[in-house]
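Keep in mind that the numbers below use all heavy atoms, side chains included, and drop hydrogens, waters and symmetry copies. Nothing fancy with the numbering, it's 1 onward along the sequence. Every number for a ligand or one of its atoms is a count from 1 in the order of the listing.
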Amino acid sequence: MERTLSIIKPDGVGKNIIGEVIKRFETNGIKIAAMKMIHLSKSQAQGFYAVHKERPFFDSLTDFMTSGPIVVMVLEGEDVIAKNRTLMGATNFKEAEEGTIRREYATDIEKNVVHGSDAPETAAFEIGYFFNELELHSR
Ligand code: CMP
């Protein structure tokens, strides 16, 4: 059993596709162990994306992530980190496989609808950034 953090970014929330994204998780056997809607401050977004702080897109990315509410979820299941990344598609929607969330809904390399942890260590950090143990519900 594995856990990963999923975020529906401000563009995804703005496009009214929260349910569409969740449906893809549920129909692929992924369970939601925690979920909430929040609006990040700039410093909260900078803390979350601290690994990217030297990248040229850091300021723009953290502005975008504070531009509206986001939905943060903890997903649970066997091999869920990789499964979620397959469902999302490549970071750049132009390189994403047909039928993936980003291929269908992203408009930009930055405004790419969803985020998913890329490894067990980053998943542990990212889940802990938004949720405490009492908020996680294995089912
Ligand atoms: P995400 O998976 O959340 O991880 C970092 C985010 O930075 C990425 O999705 C995009 O939203 C954003 N981003 C913007 N420009 C780039 C880029 N050139 N390469 C990778 N990520 C980028």
Side-chain angles (χ1 to χ4, degrees):
M1 195 56 75
E2 194 174 66
R3 286 174 174 167
T4 191
L5 187 86
S6 167
I7 302 179
I8 305 176
K9 298 185 180 187
D11 58 329
V13 174
K15 287 182 172 126
N16 220 19
I17 54 168
I18 296 170
E20 171 63 30
V21 172
I22 290 175
K23 188 179 76 181
R24 287 167 184 243
F25 297 150
E26 292 189 333
T27 56
N28 283 281
I30 293 172
K31 289 193 167 165
I32 296 171
M35 175 163 66
K36 60 189 167 193
M37 183 182 275
I38 56 178
H39 194 148
L40 290 175
S41 68
K42 181 82 172 172
S43 67
Q44 288 167 338
Q46 288 168 332
F48 179 74
Y49 277 120
V51 292
H52 294 307
K53 67 176 183 294
E54 306 302 336
R55 303 278 206 110
F57 56 79
F58 184 65
D59 195 47
S60 170
L61 170 63
T62 51
D63 272 351
F64 163 56
M65 289 300 289
T66 61
S67 66
I70 62 173
V71 174
V72 287
M73 286 172 275
V74 176
L75 308 181
E76 195 170 70
E78 205 175 309
D79 218 13
V80 74
I81 295 173
K83 268 191 193 162
N84 181 40
R85 292 178 72 78
T86 300
L87 293 173
M88 291 193 298
T91 303
N92 185 349
F93 73 104
K94 290 180 182 161
E95 292 162 12
E97 299 274 341
E98 286 292 341
T100 60
I101 296 167
R102 285 168 168 164
R103 180 62 175 255
E104 291 199 13
Y105 297 107
T107 51
D108 188 300
I109 190 164
E110 180 175 89
K111 295 173 185 61
N112 61 356
V113 185
V114 279
H115 167 82
S117 313
D118 63 2
E121 304 72 41
T122 46
F125 165 76
E126 293 180 358
I127 290 168
Y129 199 79
F130 291 111
F131 296 98
N132 67 47
E133 202 52 45
L134 289 174
E135 295 172 308
L136 302 174
H137 309 282
S138 290
R139 292 177 290 134

Give the numbers and elements of all ligand 1 atoms closer than 4.0 Å to a heavy atom of Arg102.
2 (O)

Please state which protein non-hydrogen atom is closest to atom 4 (O) of ligand 1 and give its distance, to 0.1 Å?
Tyr49 CE2, 3.8 Å

Any atoms of ligand 1 less than 4.0 Å from a non-hydrogen atom of Asn112? List them with their elements.
8 (C), 9 (O), 10 (C), 11 (O)

In this structure, atom 12 (C) of ligand 1 is nearest to the protein heavy atom Leu61 CD1, 3.7 Å

Got a second to check how far Ile7's CD1 is from Ile70's CD1, nearest 0.5 Å?
4.5 Å

Is the shortest distance from a Lys or Arg side-chain nitrogen in Lys23 or Glu26 to a carboxylate oxygen in the other one below 4.0 Å?
no

Quick one: are Phe25 and Lys83 in side-chain contact, heavy atoms under 4.5 Å?
no

Heavy atom of the protein closest to atom 19 (N) of ligand 1 (residue, atom name, distance):
Phe57 CE2, 3.7 Å

Pull out every atom of ligand 1 sitting under 4.0 Å from any heavy atom of Thr91, numbered as shown with elements.
8 (C), 20 (C), 21 (N)

Do Lys42 and Thr62 have side-chain atoms, one donor and one acceptor, less than 3.5 Å apart?
yes

Which residue holds the protein heavy atom closest to atom 5 (C) of ligand 1, what is that atom called, and what is the gap in Å?
His52 NE2, 3.6 Å

With a 4.0 Å cut-off on N to O distance, would you call Arg3 and Glu126 a salt bridge?
no

Selected option - heavy-atom contact closest to atom 10 (C) of ligand 1, from Asp11, Ile109, Val114:
Ile109

Is there a polar contact, in the sense of an N or O pair closer than 3.5 Å, between His115 and ligand 1?
yes

Can a side-chain donor-acceptor contact be found between Gln46 and Ser43 if the only test is distance below 3.5 angstrom?
no

Restricting to heavy atoms, the pick from Met65, Lys9, Lys111, Glu110 nearest atom 9 (O) of ligand 1 would be Lys9

Checking contacts here: is it the side chain or the backbone of Met88 that comes within 4.0 Å of ligand 1, counting heavy atoms only? Could be both or neither.
neither

Are Phe130 and Phe48 close enough that their ring centers fall under 6.0 Å?
yes

Ion pair Glu98/Arg103, N-O distance below 4.0 Å
yes

